[in-house]
Amino acid sequence: MTHRPRDLRVLPAGDPAEDPEFPPGVDEPPSELDRRAVMKLLAAGAGLAGLGSIAACMEAPSKRIMPRVVEPPELTPGVPLEYATSMVLDGFATGLVVTAHEARPTKVEGNPDHPASLGATNQLHQASILELYDPDRPRGALEAGVPTSLEALLRSIARRAPMPGLWFLLHPQSSPLGADLIDRVRARHPTARFAWYSAVDRRSVYQGARRVFGRPLEPQYRFDLADVIVSLDADFLAAMANSVRWSRDFANRRRLRTPEDRMSRLYVAEPCPSPTGSLADAALPARPAEIRTLAAAILARLEGRADDHALSPRHERWTAAAAADLRAGRGLVVAGDRQPAEVHALAHLINAAIGANGTTVAFTAPAVIDPLGPGLSELAEEIRRGGVQTLVIVEANPVYSAPAALDFAALLARVPETICSAVTHHETSRRCRWFIPLAHYLESWGDARAYDGTISMIQPLIRPMYQSATLPELLAAFAGTEQPDTHRMLLDRYEHGDPLAWQRLLQRGVVTGSAPRGFVPPIQLTAGDRQALVAPTPAEPTGDAAIELAFAPSHAVYDGRFAGISWLQEMPKPIDKITWGNAALLSPATAEALGVGDDDVVRITAGKAQVELPVFVVPGHADRCATLELGYGRWAATPTAEGVGANVYPLRPLATPAYATGAQAGVRIEPTGRRSRLARTQEHFTQYGRDLAPTADLETYRAQPDFTAHLWGDQPTWLPDKRHGTPQWAMTIDTMICSGCSACVVACQAENNVPVVGADGVRRNREMHWLRIDTYREDRGDRVEYVHQPMLCQHCEMAPCEYVCPVYATQHSPDGLNEMIYNRCIGTRFCSNNCPYKVRRFNFFDYTEPTPAPLRLQYNPNVTVRARGVMEKCTYCVQRIRSAEIRARKANREIQPGEVVTACQQACPTGAIQFGQLQHEGTEMVERRKQARHYAVLHDLDTRPRTAYLAKISNPNPRLP
Amino acid sequence: MSSRLLIGRPSDAELGEQLLGTTWRPGGRGWRIAFLITGGLTVLLISLITYTIGTGIGVWGTMIPVAWAFAIINFVWWIGIGHAGTFISAILYLFEQGWRTSINRLAEAMTLFAVLQAAIFPVLHLGRPWFAYWLFPYPSQMEVWPQVKSALPWDAAAVSTYFTVSLLFWYLGLIPDLASLRDHAPTRRRRFIYGLFAFGWNGKATTWRHYRAGYLLLAGLATPLVLSVHSVVSSDFAIALVPGWHSTIFPPYFVAGAIFSGFAMVLTLLIPVRAVFKLHNVITEKHLENCAKLTLVTGLIVAYGYILEWFLAWYSGETAEWYEVWVARPTGPGLVLFYLAMSCNVLVPQLFWWKRARTKVWLLWPLSLLINLGMWSERFMIIVQSLEREYLPSMWGDYLPTWVDLGILLGTLGFFTFLFLLFLRLVPIISLSEMRDMKHEIVHRERGHG
Amino acid sequence: MPCKSLCRTTVSPLYPRWSNTVYRAAICLLVLMLASPIVLPMLYVRSTYNTNQFVPWAQPIDFDHRHHVRDDGIECLYCHGSAERSANAGVPATSVCMGCHTQIWNQSPLLEVVRRSYFSGTPINWKRVHQVPDFVYFNHSVHVARGIDCVTCHGDVGAMARVEQVQPLTMGWCLDCHRRSQGTSPPRPPALPAPTNSWSASVGMFAKPVAHDRDVTLLTTCTACHR
Amino acid sequence: MADRLLAEFEDEAAIIAAIRRLGDEGYGRLEVYMPFSSQEVEEALALATGARRSRLPLAIFLFGIGGASAAYFLQWLLVGYLYPLDAGGRPPHFPLAFVIITFEMGVLAASLCAFFGTLILGRLVRLTDDVQGTPGFESVTGDRFWLEVPVRGASDEPERTRRLLIDAGALRALRLEVPR
């Protein structure tokens, strides 16, 4: 039942325990914490005292029940509700379904009805819920740092008109409602200007399209139809606007059921291996500036022109193979967002040349408003000219992320009136006169368009925790509305006097059929333009001096706006497994040339800016190039974000914000001689010849389908056989379509109340993730092959951890689960020693007690919050299994296939993780276990894991070595 | 040989005076200083234990994958040391080795105190020590019971049994001497107190009869214990899958190592005691030499254990196992301790082929210290180095101890010494009644010969 | 001189004769002292002091179940409705009380608290009587659905002036019941009315002849209650 | 019970001689106190009074067996019957794993029996008895042997016995009165 919550009460800012609205036991997560002290005293004092339930009883007198005064009809204490809403990132909406326990959102899932989600999510969506409960969120409006009344502020804004020199600086927007409001603002303030700014800039996409087709367009890719995909520095599986959807499409074309199935071939040229690159069949390390040449070269080959580009033999071979394949099969070329317009233009030309347009690519009008409108530079220009009287900044954080050359902080100081609105304080907001707290999306009404243009609804899960306004309300105020109310505005726009339709709309979360049809525009390109495009790039100065910097939004904290979310900070990044910070990623050759290794701090200079970062060496990285992650080194944000990593924004040149070539900015990298240990969750990336994650290429697989035969099947044992009648739960994971995006890691953390241990905790190997992704790479001459292996409790039938536990804290359930009972655990840690997969985690300290009150509201009440000194691990989301069981028992039926979905499976964009009962023939999970390429990790130990893996099959071009 | 076990033929009275006298002859300033230092270390131990329980064992260096480290190393090491005592007093008693007489009480005391140190750790290293009693089968309202298929309850049973039996055996041997003290200690107060512990012993023949039977059988019962305890301890590792632990050689290999380190510790203690109390006539070079010889023998068994480990690791063909033993230990993190173990446990004992090394204390004593060090390193090698490099390279991790780890180890050393000093001051170091027995036998035999 | 050597010897013992008795008594005492920290807690946890049984807690309102249940014959589920749908049975919202008490006894001083709560919007602060540890996940709805009566665990509340806990609610107690039913307990047949509050209904539950099958099933495995 | 004479002897030889002598004279229920356990003395005494070997070993054996079987039964009861949870696929009743605790508990029970048996059979849990505190008796834990002879009958009996003892080589003989 997903419908609009009625009568949700405001959560207090303070300790929820004091909140009369929440009976104990629903507002507090179940936990041993509060009683631990008692237990300790008793047991320590009275020696052998405390038989199990003792502590609870010690507490009984203090526990109170406070029922609601009036029970909202749809709300039953203890029964969670789900609501459809959307999260917007730089203008693009992803549909979500959010679970709420007693009116507090606890978990984010994807909305199956939403084209950009199809039920899946990425790590940012999963973690976004934590921002809602951020204890450091501002409590109200400020004027020059002094609290002031939000209503009064909005009213005064609404009354002043017209404002001369009124400028807005917003993230890209796609909200239809927003578009109307902007018009209304313009109507009321004729001189008002709107500038769009995001540190992760997508203008070049639209410029590229305009150059070829005469107007900005949004390419709509069909990865599920393409036989050959060439990615020009495009991480379309993890780092692009529509990645969640594209991952599913891509996976559908790669998922082999039989050796005979056809799969697409993926060419990737990029400076640093990305999740997409780690799945590539032909990966080519190339510096960002080289990409254009590669594109031009491919185009030249396709058009049969003499190739006059100066390419290294290796690049030569790669482009030749790519061009040949593109011509042969149904091809698709994707250019990365950070590449300049030319590359996008070239990509369009290639797609046109191979007839991809209309088959694997179509175009729509951009979902975002005014895609090529004024940006930060225009604003800066105007400020310098003194034309800006009032500057309204919403969310955007230019003081932190603008290139050093711009010196935006100084410019900002020159604006007389500055208003900033954001969910949490950031570098820019602290320098503005007025601060208006922005409502978190889980507390706001609104609408937005998905990447394909589908209109998606945003509805609140909870009344705003603190005094705050939404962007539409803010704009409405400038448009003259004194008491703006987004809900009302939405009703006016969508209800059409039909409450039922409105109800259904909210339940579905999307306006069906609101996506524009894709079309193929005619190419409008003058011969001169074309010539300029295909012309070879002027050879740039080579030599060790000329090193190039490639900037990439962090996979964890994006452009820095999520730096306050501890889950993301502690999420190991897909390729390097670095948490809590960023590094200068170098190729082995470059590192050697510089005489540095992992953890050596280097000083990076570009123009006037200097940054010091520890080095991390990544095989498969392009030489004479360093990849730097954006989004770290915040200095005036929330405590979690501040001082983590180093801020590399100042190094970005104005012209090409995505990369800096030595020629442009005189980039230098020199060792400092100091070391600073990165917090990594994985230190060894090779398999040391152990057959842990087998891989094969398509030919070998077809020749010998059961090449993993030696890695499955039971081995002889004296012990009795274990599979009996009751449902038997199991999981299969297809390493072939796992890009390592880590959405599952965060999803697991959110579902199971997994604590965060901080950088030092990680350095001391004490991270708590129940689900980690082991990444192994094999260095095959000039190419590096990656394989991601999500590693979680394998729920072995002959579990080594069980028979060493002296107190039955971990033992086996009749339905095949390896159960972990926290409140029985005494912490001998023998189970961890004896777990060959090392998936067990131990609470070395009290990680959950210091959790601030608001954050506790996120806890999943169906999962015990673990105390200090107990072991914990993946439970196959047993809470979900058992509640499904209870549902079935009540209805006196069996559990249906697909009824139980684990958190990791639900989040996984590619559907690599499948879970279910072995009895349910025909389900994806069971089918996979029958495939020839399945295997059990560490099979020869005969632990009989219930988690089966499918070997990674790659599809390399035979003509490429 | 007997002649070399007792130098001179003191009368019973003289013997009594010499052996009982240690309990009432005033100790000099040296004693006070020694008590001060060891007492201080004991306080350190207690405060660190409090700190650990209060904050969580995160204050140690343990982590995933190395979830067991110093605590378990110390446990195994101390238990091992504990072995020599019962070995001497029980097994040598059954084999009627005369030379055990003058050192068995000291050795047994050492055993008790060593096991006491060891017993701290199994509880302390728990995540929630206050629930340690769940390991015992008490009538619980929860109706869940200990899981006795795990090696840890075996441990609990073995160690507590071993301690209890050693204590009873030691005390039984002590009773006649306590009676002697009750009757001969200088002041009435001392006599009164010693009398409380003497159970009213009066040397009646019938009592002696039961006493002998009891003592003999207790010795008989202690004998299998000596061999079983460390076998059980070794099963903590042997039943596990961890490469480097998963080995059938462990029980004999551990027992040998235990007796090896035990005798080393006996020498470490015996030599100074002998010097301080001028016991050269009752603790002769013969005694030292015999200890050294046993050290050599057990040392050779340990060396054999090492060789077998390497061989099996190669022969098993199991990659992880091979890597563990042949690569990780000699070249991985903590390799220093690996080489320390090898040199101290394999090379050092070889010196005992050489008589001077067995008899000259200035050589024997430092060597015994080296062996103790070597055995500690061996436990580090087995426990920590194995865990550092397990099956999945993705989860390999390097271990580093914290100051708390080191402090606790130091603390146990202090506490051990403290207890041992108390023992030296409070009860006869050498069993008077047994010495008398032996003396009369010797005299008897000599008469028989002459 | 014989007499000299044969004179009666005056015994001046280190300990007087009676000290033997004292000595033995002292030893027994010592043994007892060592045993007590083991035995006493075991006795304690089995006592109702620990389980909090049979304590008629005072409540903010002197709500008398006898009156409502026995005299008025109101079903448990009328007020504790969520027991059928949800994990927790819950205490009714003030509005539920007012449902009737706006009509009847709407002037009664006894109901002052209720009215104040209702009109001021501040909840009534009830004391919690039945309580299991937070790491125990007890689900009312499934028990009700599978035919366990309220009285089985809560006792004959209809006969209580002030509600008190009659069952120990210890893990052993839960297990006994789960072993009995072994997941075979039938669903409540439609004929059978909603769980009644008649005592007889529940004695059947316990009187039912049971085969103590001790195999671990989904009802007795740990995660049935601990997650 | 009547008075007794306590006689102190120089060494084993002397007391053995005395025991033989008294034995021949027909004295029964002699009792010997000695500083260390002297086989010869005991043999002499056994000849004279016919004392039996200790029953302790049998008791110890029985306790050992009892302890072991109790331990095994308990293990089976707890993990094999009462709550047979599945740990690593091991069968609930798993004799192989029960062996060690069974053995340990057997040894423990036997040892406890050995210790306390010695105390009880040896009449040891006490502070004093009627011979202790006799002047000079401390020497029994030193280097002297003492012989206890019960005397009854004629009034000159004690005197006669004393002389007998002195002749037999006693250093001195004391008459010990039992307080009534």
Side-chain angles (χ1 to χ4, degrees), chain B residues 11-13 16 137 143-151 153-154 157-158 160-162 164-165 168-169 171-172 175-176 179-184 195-196 198-215 217-218 221-222 224-225 228 232 235 432-434 436-437 440, chain D residues 12 31-38 41-42 45 51 53-57 60 64 71 74-75 77-79 82-83 85 87-88 90 94 97-98 100-101 103-105 107-108 110-112 114-115 117-119 121-129 131-132 137-143 146 148:
Chain B
S11 77
D12 288 343
E143 294 190 10
V144 265
W145 317 102
Q147 202 276 92
V148 293
K149 294 163 206 165
S150 162
W154 306 350
S160 47
T161 305
Y162 185 52
T164 321
V165 173
L168 298 180
F169 194 45
Y171 194 86
L172 199 59
I175 290 176
S180 311
L181 281 166
R182 177 197 60 202
D183 295 345
H184 301 284
L196 292 178
F199 286 137
W201 175 274
N202 57 7
K204 205 185 238 174
T206 48
T207 316
W208 271 117
R209 201 163 64 235
H210 297 298
Y211 180 83
R212 266 210 320 283
Y215 195 73
L217 279 157
L218 211 43
L221 289 164
L225 271 191
S228 77
V232 174
S235 66
L432 176 57
S433 56
E434 292 189 33
R436 281 214 199 88
D437 226 342
H440 283 268
Chain D
E12 291 170 279
E31 195 51 81
V32 171
Y33 302 86
M34 44 189 177
F36 59 87
S37 163
S38 160
V41 177
E42 287 196 17
L45 190 66
R53 288 183 60 249
S54 170
R55 281 284 184 71
L56 196 49
I60 293 177
L74 188 64
Q75 294 183 74
L77 181 72
L78 295 187
V79 309
L82 281 183
Y83 203 167
L85 288 162
R90 273 56 175 165
F94 199 37
F98 296 171
I100 289 171
I101 290 181
F103 163 77
E104 297 289 348
M105 290 303 114
V107 172
L108 185 62
S111 311
L112 290 170
F115 184 76
T118 312
L119 295 189
L121 294 180
R123 308 259 181 289
L124 271 187
V125 188
R126 70 208 300 177
L127 277 179
T128 179
D129 55 39
V131 293
Q132 284 187 45
F137 187 76
E138 324 64 90
S139 65
V140 76
T141 57
D143 52 0
W146 289 72
E148 181 187 338

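Here is how names work: the chains are called A, B, and so on, in the same order as the sequence lines, proteins then strands, and each is numbered from 1. Remember, predicted model here, so these are calculated numbers, not experimental data.
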Residues forming a ring-ring contact (aromatic ring centres under 6.0 Å, His included) with D:Phe103, sequence neighbours excluded:
none

Is it true that D:Thr118 and B:His210 share a donor-acceptor pair across their side chains at a distance under 3.5 Å?
no

Side chain, backbone, both or neither: which part of D:Leu119 has a non-hydrogen atom closer than 4.5 Å to chain B?
side chain

Contact leader toward chain D among B:Ser228, B:Pro137, B:Ala213, where contacts are heavy-atom pairs under 4.5 Å
B:Ser228

So for atom CZ, which belongs to D:Arg123, do other residues, nucleotides or ligands contribute more than 12 heavy atoms lying within a distance under 6.0 Å?
no

Picking from B:Arg182, B:Gln147, B:Glu434, B:Arg212, which has the most non-hydrogen pairs under 4.5 angstrom with chain D?
B:Arg212

Determine whether the side chains of B:Glu143 and D:Tyr83 contain a donor N or O and an acceptor N or O closer than 3.5 Å.
no

B:Val232 versus chain D, the contacting section by heavy-atom distance below 4.5 Å:
side chain

Applying salt bridge (charged side-chain N to carboxylate O under 4.0 Å, His left out), can you list everything that pairs with D:Glu12, at least two apart in sequence or on another chain?
none

For the candidates D:Leu127, D:Leu56, D:Ile60, which exhibits the highest count of non-hydrogen atom pairs separated by less than 4.5 Å from chain B?
D:Leu127

Are D:Ser54 and B:Arg209 close enough, and set up right, to give a side chain to side chain donor-acceptor pair (under 3.5 Å), and what steps lead you there?
CA-CA 7 Å; D:Ser54 170; B:Arg209 201 163 64 235; over 6 Å; no

Does any non-hydrogen side-chain atom of D:Leu112 lie less than 4.5 Å from one of B:Leu168?
yes

Distance-only polar pair, side chains of B:Trp208 and D:Ser38, donor-acceptor under 3.5 Å
no

If you define the side chain from C-beta out and look only at heavy atoms, does anything of B:Asn202 sit under 4.5 Å from D:Val140?
no

When the 4.5 angstrom heavy-atom criterion is applied to B:Leu217 and chain D, the contacting part is side chain

Can you tell if the side chain of D:Thr141 reaches within under 4.5 Å of the side chain of B:Pro176, non-hydrogen atoms only?
no

Could you have a look at D:Pro35, D:Ser37, D:Gly117, D:Ala97 and say which one has the most heavy-atom pairs with chain B under 4.5 angstrom?
D:Ser37

Looking only at heavy atoms and a cut-off of under 4.5 Å, which of B:Ser235, B:Gly203, B:Gly195, B:Ala157 has the most pairs with chain D?
B:Gly203

Between B:Leu221 and B:Phe169, is there a side-chain heavy-atom distance shorter than 4.5 Å?
no

For chain B, find which of D:Val125, D:Leu82, D:Val131 contributes the most heavy-atom pairs closer than 4.5 angstrom.
D:Leu82

If you tally heavy-atom pairs under 4.5 Å between each of B:Ser160, B:Ser180, B:Gly214, B:Ser433 and chain D, the highest tally belongs to B:Ser180

D:Ile100 versus chain B, the contacting section by heavy-atom distance below 4.5 Å:
side chain

Tell me, side chain or backbone of D:Leu108 under 4.5 Å from chain B's heavy atoms, or both, or neither?
both

Under 4.5 Å, counting heavy-atom pairs only, tell me which of B:Ala205, B:Gly16, B:Pro153 racks up the most with chain D.
B:Ala205

Answer with side chain, backbone, both or neither: which region of B:Leu196 has an atom nearer than 4.5 Å to a non-hydrogen atom of chain D?
both

Okay, D:Val41 and chain B: the region with an atom under 4.5 Å from a heavy atom over there is neither

Does any heavy atom of chain B fall under 4.5 Å from the side chain of D:Val32, the backbone, both, or neither of them?
both

Given heavy-atom pairs under 4.5 angstrom as the criterion, report whether the side chain, backbone, both or neither of D:Ala87 touches chain B.
side chain

Atom group of D:Leu74 that falls short of 4.5 Å from chain B, counting heavy atoms
side chain

